[in-house]
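So the structure is just underneath, and the comments pick up after that.
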Amino acid sequence: MLNNLMSESMKFLANRKLKNYRRYPVNRTALVLVDVQKEFLLPEETGWQSVSKVAETVNLKENMRSLITFARAQGINIIYVPYTGNIKPIFEAPAHQIMKDHIQVGDDVSKVVPTGLLERSILPSGKDTIIDDRTGLSAFSGSSLRQKLQDKGIEHLVFAGPFINIGLDSSIRDAVEYGYHATLITDCAAATSDIEYKMAKDVTFPRYCQTLLSNKSFQAQATKQS
Amino acid sequence: MEYPSKNTALILVDPYNDFMSPKGKAWPLVSKVTKQVNLIENMQAVTERCRDEGWVIAYAPHHRYKKGSFSDRKYLHPSQILQKMTSSFKANSFGSEFYPSVSPKEGDIISSEHDCSSGFTGTNLHEQLTQKGITHVVLAGFLSNTCIESTARSAIDLGYHVTLLDDAVSAWTPKDHKAAVEVNYPLLAHHLTNTKDFLVGLS
């Protein structure tokens, strides 16, 4: 009881400071789409089937479409970081196995990123960046992502993707460590089970991710400032 | 689970008095789970046994707070905000000393301090482990869902084989601990076990 009270008090005090970070100037903000690729978004794919229960509950695809469309309209940088055959761990963890099970192709990144089968609004456009050299669960692992963000002067990273406690978790932990302001769009994320999604969103993420917002709240916040 | 003894390290994350001593600043926050899982005795048993096995023992210490800490950072990690507010792990204080029964001995690796959560990010831990040919790591310490899980996630992305012990880690609340050890660790660990089975496995 006392322990929970102390824990909630600490969280409250930290959040008071963190609220000041919630600014999204378009030239310093990037939407980072981790594992947003056809394997995890098309109904006939096993990857989609693995997250579909949670994804349908949070309305993942509708929200993802809305978020990407909004980011494009605002001029926010959009960066896709797919899970590709380039990720070949020496020691395969269960999380690697889950991802690998649903990846149909080898090293050819062009086949892994969203294809014409996906809706136009979710497809990368010519202006978007695709990071195809990631080597681990985190979007930053072994990849050129950090350099690209530095080159563009990005400070605020807004994250979305189908695996809240796999790719998103590892990526957001790294983002905060590297000094970025990280925002998770909670209804643009899913998991393979309700408990994974709920525990990540309600318990684990608030300990290290500075901002958690719904898609609607994020758009309202970003619009207000533009 | 068989470990290559010359290539395996036990990494103790943040085994500071502030977490482990009843006089520590963070003890009131972590004492509930720490007692529930019998963490201190488990950490001691694991550390002693790994020393007997001739494994490398590595320490991944948290940033020791001093005036001006994090002044170079524009966006702080939530834990940094709390560290600034509470001055926990204050440099040159009782709280930032290693807890006596699991303190380093000659020849152990002591990594440079981590500023946020992962024992690897921005530190020389990977370099020191690599120099000793370490391929397998076993993690113990604080906190289950922050520094331990972040260190595990970094270790996985750096290519290590990672063992997690669900009762040699602790967190602020039972829910935090559960979210880590019951929900995320099974996805991350190459080997997830408890102290008793780990020790039996080494026999």
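Letters A, B, ... are given to chains in the order of the sequence lines, protein chains preceding strands, and every chain is numbered from 1.
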Discussion item. Tell me which of these, A:D169, A:I90, A:L18, has more heavy-atom pairs under 4.5 Å with chain B than the rest.
Written reply: A:D169

Worksheet entry | Heavy-atom contact with chain A under 4.5 Å, split by part of B:D115 | neither

Worksheet entry | Top contributor to chain B interface from A:P94, A:G136, A:S141 [non-hydrogen pairs under 4.5 Å] | A:P94

Practice prompt. Let me know if A:E155 has heavy atoms under 4.5 Å from chain B in its side chain, its backbone, both or neither.
Written response: both

Response to the item:
Turns out that what part of B:L158 lies under 4.5 Å from chain A's heavy atoms comes down to neither

Item to complete: Examine distances only and state if a side-chain atom of B:Q128 and a backbone atom of B:I110 form a donor-acceptor pair shorter than 3.5 Å.
Response: yes

Worksheet item: Under a 4.5 Å heavy-atom cut-off, does chain B meet the side chain of A:D202, its backbone, both or neither?
Response: neither

Item to complete: Give, as side chain, backbone, both or neither, the part of A:I87 having an atom under 4.5 angstrom from any heavy atom of chain B.
Response: neither

Practice prompt. Would you confirm whether B:D18, through its side chain, and B:A26, through its main-chain N or O, come within 3.5 Å as a donor-acceptor pair?
Written response: no

Response to the item:
Cut-off 4.5 Å, heavy atoms of chain A, and the answer for B:E149 is both

Worksheet item: Counting heavy-atom pairs under 4.5 Å to chain A, which of B:T86, B:V183, B:D176 comes out on top?
Response: B:D176

Worksheet item: Which value, rounded to the nearest 0.5 Å, describes the distance between B:S87 atom OG and B:K66 atom NZ?
Response: 12.5 Å

Fill in: B:R51 with B:D108: basic N within carboxylate O range, under 4.0 Å
yes

Fill in: Over 12 non-hydrogen atoms of neighbours within 6.0 angstrom of CD in A:Q150
yes

Discussion item. Quick check for you: among A:T135, A:I166, A:I195, which has the greatest number of heavy-atom pairs under 4.5 Å with chain B?
Written reply: A:I166

Practice prompt. Would you confirm whether A:S50, through its side chain, and A:G47, through its main-chain N or O, come within 3.5 Å as a donor-acceptor pair?
Written response: yes

Worksheet entry | Heavy-atom pair count under 4.5 Å with chain B, highest-scoring of A:H156, A:E177, A:K198, A:H181 | A:E177

Fill in: Heavy-atom contact with chain B under 4.5 Å, split by part of A:R207
both

Worksheet entry | Per-residue contact mode, A:Y180 against chain B (heavy atom under 4.5 angstrom) | backbone

Worksheet entry | Test ring-ring contact (aromatic ring centres under 6.0 Å, His included) applied to B:Y99 and B:Y16, step by step | CA-CA 5 Å; B:Y99 188 69; B:Y16 284 150; over 10 Å; no

Worksheet item: Roughly how far apart are A:M199 CE and A:D194 CG, rounded to 0.5 Å?
Response: 12.0 Å

Fill in: Contact winner vs chain A - B:D72, B:I156, B:L76, heavy-atom pairs under 4.5 Å
B:L76

Fill in: Check: A:S143 main-chain N/O paired with A:R134 side-chain donor or acceptor under 3.5 Å
no

Worksheet item: If you measure from NE2 on B:H191 to NE2 on B:H136, what distance do you get to the nearest 0.5 Å?
Response: 10.5 Å

Practice prompt. Find the distance between CG (B:L82) and NZ (A:K17) and round it off to the nearest 0.5 Å.
Written response: 10.5 Å

Fill in: Winner by heavy-atom pair count (cut-off under 4.5 Å) against chain A, out of B:V162, B:V30, B:T121
B:T121

Item to complete: Mind checking the OG1-CG spacing from B:T193 to B:L199? Nearest 0.5 Å is all I need.
Response: 9.0 Å

Worksheet item: Between B:A180, B:S154, B:S79, B:S118, which has the largest tally of heavy atom pairs under 4.5 Å with chain A?
Response: B:S118

Item to complete: Heavy-atom distances under 4.5 Å only: say whether B:A171 touches chain A with side chain, backbone, both or neither.
Response: neither

Worksheet entry | B:L187, part contacting chain A, at a heavy-atom distance under 4.5 Å | both

Worksheet item: Counting heavy-atom pairs under 4.5 Å to chain A, which of B:S31, B:P174, B:S117, B:G122 comes out on top?
Response: B:S117

